[in-house]
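A, B, ... follow the sequence lines: proteins, then strands. Residue 1 opens every chain. The shown structure was predicted, so the numbers you read here are calculated from the model rather than taken from an experiment.
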Amino acid sequence: MKFAVISFPGSNCDQDVCHVTGEVLQVATEILRHDVRQDLTDYDTVILPGGFSYGDYLRSGAIARFSPIMEDVINYAEAGGLVLGICNGFQILLEAGLLPGAMKVNDSVKFVCRQVAITVESSETAFTGGLTRGETLQMPVAHQEGNYYIDPAGLEQLKADDQIVFRYLNQEENPNGSLADIAGVCNQEKNVLGLMPHPERASEKILGSEDGKKIFASLLDYLSSREES
Amino acid sequence: MTEEKVWESEGLTAEEYEMITAGLGRQPNRTELGMFGVMWSEHCSYKNSLAVLRSLPTEGERVLQGPGENAGIIDIGDGQAVSFKIESHNHPSAIEPYQGAATGVGGIIRDIFTMGARPIALLDSLRFGELDDEHVRYLFEEVVAGIAGYGNSIGVPTVAGETFFSPKYQGNPLVNAMCVGLMDQQDISTATARGIGNPVMVVGAATGRDGIQGASFASDELTEESEEDRPAVQVGDPFREKLLMEASLELIKTGALVGIQDMGAAGLISSSSEMASRGEAGIEMDTALVPKREEGMTPYEVLLSESQERMLVVPRQGKEELVKEIFKKWGLNAAVIGKVTDDGKIRVYNQGEPAAEVPVRLLVDDAPVYQREGCRPAYLNELQEFSTGDFLAKQKKNRRGTDYNQELVKLLTSENLAAKNSIYEQYDHMVQLNTVILPGSDAAVLRIKGKNKGLALTVDCNGRYCYLDPERGAEIAVAEAARNLVCSGAEPLAVTDGLNFGNPLNPEVFWQFERAAAGIARACQELATPVTGGNVSFYNESPAGAIYPTPIIGMVGLLEDLSQATDQYFKEEGDLIVLLGETGAELGGSEYLKVIHDRVGGKIPELDYIREKSVQNLCLKAIKQGLIKSAHDCAEGGLAVALFESCSGNSRGARVTVETELLPEELLFSESQSRIIISLDEENMAEFSELADKSQAGYQIIGRVQGRTLKINNLIEVEIEELKAKWQAALPAMIN
Amino acid sequence: MDWLVKVTIQLKESILDPQGQAVKSGLEALGYKNIADLQVGKYIELTVSDEDKEQEVSTQVEEMCQRLLANPVIEDYNYEIEELA
Amino acid sequence: MDWLVKVTIQLKESILDPQGQAVKSGLEALGYKNIADLQVGKYIELTVSDEDKEQEVSTQVEEMCQRLLANPVIEDYNYEIEELA
Ligand SMILES: Nc1ncnc2c1ncn2[C@@H]1O[C@H](COP(=O)(O)OP(=O)(O)O)[C@@H](O)[C@H]1O
Ligand SMILES: [Mg+2]
């Protein structure tokens, strides 16, 4: 099994994700540069990590979305490859059109870093197969632009297709004012997931919560059963 | 400008101008004068503080690098080291709070990776006027946003800090930032230029006209016109600095460098001449070769520009291409601008035309050092004579049936004691996956990946204490910082000090400075925590006068065993609560006096080193033996506030009974030093007593973790959840 | 020929603007009570050089807005083009 | 009477505009090579209600810019005022 973590200029959670998938979960993980085209088919999952790609200037993810390697990520996703976008990675996936909707600045207009409670809304993805719908997870968020927006028709579509994967437990737990308390969505094919909370920050007991590890564990289960079959 | 007064525009005195002409044997030209202006400014030369700073203890077994480099370095074993330093950015923050604070963070981060260390944590120490003022609210919000904007983006967590409000900082806020970096000892780099013929290179961002004369600006008082002092403010680019950091660390790892120095205050001239001075060499350079983002810049402007996100590096000859290659990969400039020479001179050309030629010695080492006169301020007599005992006795007559619940609520919802989560939640305090104890507790604890070790970090200073007694106030700052580290399970190792004062030419201010330095020296000596570096910021005055003397202490501690990391929060119902140390009638300078009676005065708490060390040793021993579950320093607001803070984290209640002769307000709110509140499983009490009985700390069991309220004698009973909500809502409510 | 292009970008009308709200309440707190509505957007000024026809510049700018400068999912944009001396 | 006010705010000349630089190189990477200069600023659109004279609106807006919307230390601002129907 092999993971790729894409490092954009200004990504700052690339090493963190690599630490968790590589050291904690013991999956071979490579960090790939944004400016080198690459055939990604050999990787079992491609992860776009958090951070401030290109300083988040203009809009978060707007410039990173045009990095050379993004063409490969798009090809990979369109061929059914598993893609996980965390925080800034989620924003990049939105900008790239791999996920529907867009990000606005938080309602508070401030950066927010704290633990929040989220619920699992769909266990129909490779990343949440091991979780139960309705299950609550504790995970940190850290972002200034996590206020998810989609137009009313889009929202209906998301609901109809079971594309809302995570929600903040309630309005109080919602750190950014996102529409319908949405914390994470997937594409229609369910192979691309983006979420604002940081599962890699909740994958070791010493850091306070291991709930994020459950997402990675689901993914690993999915991949190993896929390998077996 | 008349010909005779050319020095004034560069902030020099007539005598200093004399020294320059004598040293050069001729009159300096305009460019040279500018070079002296910034290099001999307080900010670069420490001319008014050096004599006093020499008294600080700087040596210790673990010190690998003391003061003199960009940052200090201490040995933490296993071939690893920690580099750390604090830096002020007060004046820029006063006129452009967002960018001022942001570039302050950017500057201190550069100081750390220049040493070869990867920055792993930031801390911020902030002072503002009071929040009922619209402009103060603006400064406060923007400063916090600026620190967040830079630190979050570059991916260095801001894990601890302190925030204090007083009218004395109205118009002159303090923004001090500390950065901590981790490295392998083999990667230690220095800011030296050596080796005749080695190239001198500028790397990073292109140079513009921003921030020219920032160093001189920092060495002057703020005036009404300062707001228009445009060139002194820069805009930071954390995105570029992230790239600069990665490129620099990669370059250092190659071993191709002789020296590396960041370009902070006074830009190219300061970095080049300081590197040359350390290497006892000369440097020759051509300003035309410096990558620029503006046209038509003069040598003067290029030398003095404070454009951010740049470094000066001296690689070995033949490594120029390697440097360029690495920086290009990160999308950054790298240009050879000159070389190291053996004539001990800084020689500046512009397209081959000579523009300046100055001996390094004269510019750097021979900068004037003044032994200023101090004089005990007149205000002190009156303030110290204020007797809190008499005052309380008088108050008692007028105030029958004091409601201590109400007083506690009032204290906890006052600006200095209110919860600071609305600040630190704007900071990414978790990135890099090391933060084991998050902000909110006495000290932050970071793990060191791959080892079972940890670092504990804190910044502390009570400016009001220092105003009432600068020497003891400074001692208390050191003691409190050490206590905060001990409470989290760490052994205190070393100090960086951020000394913020008013105008040193005012003898009363200078006296405060001298006394505070003496206090730091004494306490650091006693507690065996050498000073490895720091920063002096003078001229913190506004039309309303000088700030409180504010010698901020940043301290780093080591946990040999990370599993011993301890926070301040009560854990389980039924646990015993023990107070180490002793409470006295010490309300002088307290939050209680200020908040409840609007008084600043009296004698500040005593500091007895025997007791202090005993309490710290006992606490640390008990933690190491796994006896205790929480430890919390009892500081501003006293016992009642500290107990509440311990209750708040896990929403636990406590029943506390203390036998005492003290007045209720003294028992509850006295700020006696050398006290720690611990909690432990009753099972461990016997073993703990055995330890404690051998110590001179003094201790008493004062109660249990129990229920949903905090009850202290028959004086106080408050609902924890309810009070916690008020405590956390207080600061945001003052802003909106 | 060189051209000065001024682009303004705003959130679509139907979309709530958190920044606009924050600035509006900031102004209200300062005593400006009669602001009916406030939106915060972006202003981008750029110089396009060496193009002969305004039409070409406008095609290019339109494209830049669509591809990068604005996010058409949530934002509207406008621009003006001036010929530079 | 109601007034529509359009404020643009930009960094002063010789002050570094990191955002503008990033966007410019972003556009260059997309193939737009002939951009000589690019600055990113803010655009604020607000409606001021119940003022009779344009002069009063303009005094108010000037003040708002000075006090809150811009920081004159590093930013320049401009505004236009239109009468709303
Ligand atoms: N400006 C700030 N930035 C980050 N953390 C802060 C800031 N101000 C306060 N804190 C955090 O809030 C908590 C309480 O601060 P303080 O009352 O000064 O603690 P103590 O009295 O234990 O030194 C600490 O954990 C501190 O690190
Ligand atoms: Mg403190």
Side-chain angles (χ1 to χ4, degrees), chain C residues 1-13 17 19-52 56-57 59-70 75-81 84, chain D residues 1-13 17 19-52 56-57 59-70 75-81 84:
Chain C
M1 228 175 299
D2 289 0
W3 308 80
L4 182 68
V5 184
K6 298 176 176 179
V7 186
T8 57
I9 301 164
Q10 284 186 290
L11 281 175
K12 290 187 172 162
E13 218 164 305
D17 171 20
Q19 232 178 323
Q21 299 251 308
V23 173
K24 183 162 175 274
S25 24
L27 286 172
E28 276 162 4
L30 290 182
Y32 303 98
K33 306 282 184 198
N34 56 340
I35 300 169
D37 199 25
L38 190 149
Q39 274 228 329
V40 178
K42 277 172 218 141
Y43 175 65
I44 300 178
E45 214 176 83
L46 64 157
T47 313
V48 177
S49 47
D50 297 325
E51 284 294 348
D52 290 340
E56 312 237 310
V57 179
T59 315
Q60 258 187 51
V61 173
E62 183 68 34
E63 231 181 72
M64 291 181 202
C65 286
Q66 285 277 348
R67 292 177 71 190
L68 179 69
L69 300 182
E75 292 172 325
D76 288 332
Y77 54 87
N78 260 301
Y79 51 89
E80 284 167 25
I81 300 174
L84 280 176
Chain D
M1 228 174 296
D2 288 1
W3 308 81
L4 181 68
V5 185
K6 298 176 177 179
V7 186
T8 56
I9 301 164
Q10 282 186 293
L11 285 170
K12 288 192 171 163
E13 220 157 302
D17 175 17
Q19 190 156 208
Q21 291 199 342
V23 174
K24 180 163 176 274
S25 15
L27 286 171
E28 276 162 5
L30 288 182
Y32 305 98
K33 305 280 184 199
N34 56 341
I35 299 169
D37 200 24
L38 189 150
Q39 274 229 327
V40 178
K42 269 182 246 160
Y43 175 66
I44 300 178
E45 214 176 84
L46 64 157
T47 312
V48 177
S49 48
D50 297 328
E51 284 295 347
D52 290 340
E56 313 236 312
V57 178
T59 314
Q60 259 186 52
V61 173
E62 182 68 34
E63 234 181 68
M64 290 180 200
C65 286
Q66 287 275 348
R67 291 177 71 187
L68 183 78
L69 302 182
E75 292 169 326
D76 288 330
Y77 54 87
N78 260 303
Y79 50 89
E80 283 167 26
I81 301 174
L84 281 175

Under a 3.5 Å distance rule, please check whether C:Asn34 uses its side chain to pair with a backbone N or O of D:Ser49 as donor and acceptor. yes
Among C:Glu51, C:Lys24, C:Gln60, who wins on heavy-atom pairs under 4.5 Å with chain D? C:Gln60
Pair count under 4.5 Å, heavy atoms only, with chain C: among D:Val40, D:Leu46, D:Val48, highest is D:Leu46
Scanning both residues in full, the closest heavy-atom pair of C:Lys42 with D:Tyr43 reads O-CB, 3.5 Å
In this structure, are over 12 heavy atoms from other groups packed under 6.0 Å from C:Glu62 atom CD? yes
Just checking C:Glu28: does its CD atom have more than 12 heavy atoms from other residues, nucleotides or ligands closer to it than 6.0 angstrom? yes
Contact origin within C:Gln10 toward chain D - heavy atom pairs under 4.5 Å: side chain
Calculate, to the nearest 0.5 Å, the distance between atoms CG and CZ belonging to D:Leu30 and C:Arg67 respectively. 4.5 Å
Taking it one step at a time, do D:Thr8 and C:Glu45 satisfy side-chain contact (heavy atoms from CB on, under 4.5 Å)? CA-CA 10 Å; D:Thr8 56; C:Glu45 214 176 83; over 6 Å; no
Note: vs chain C, highest number of non-hydrogen pairs under 4.5 angstrom among D:Glu63, D:Lys33, D:Lys6, D:Gln19 is D:Glu63
With a 4.5 angstrom heavy-atom cut-off, which part of D:Leu69 approaches chain C: side chain, backbone, both or neither? side chain
From the list D:Asp2, D:Leu68, D:Thr47, the residue making the most non-hydrogen contacts under 4.5 Å with chain C is D:Thr47
Name the member of C:Ile44, C:Ile9, C:Asp37 that forms the most heavy-atom pairs with chain D at distances under 4.5 Å. C:Asp37
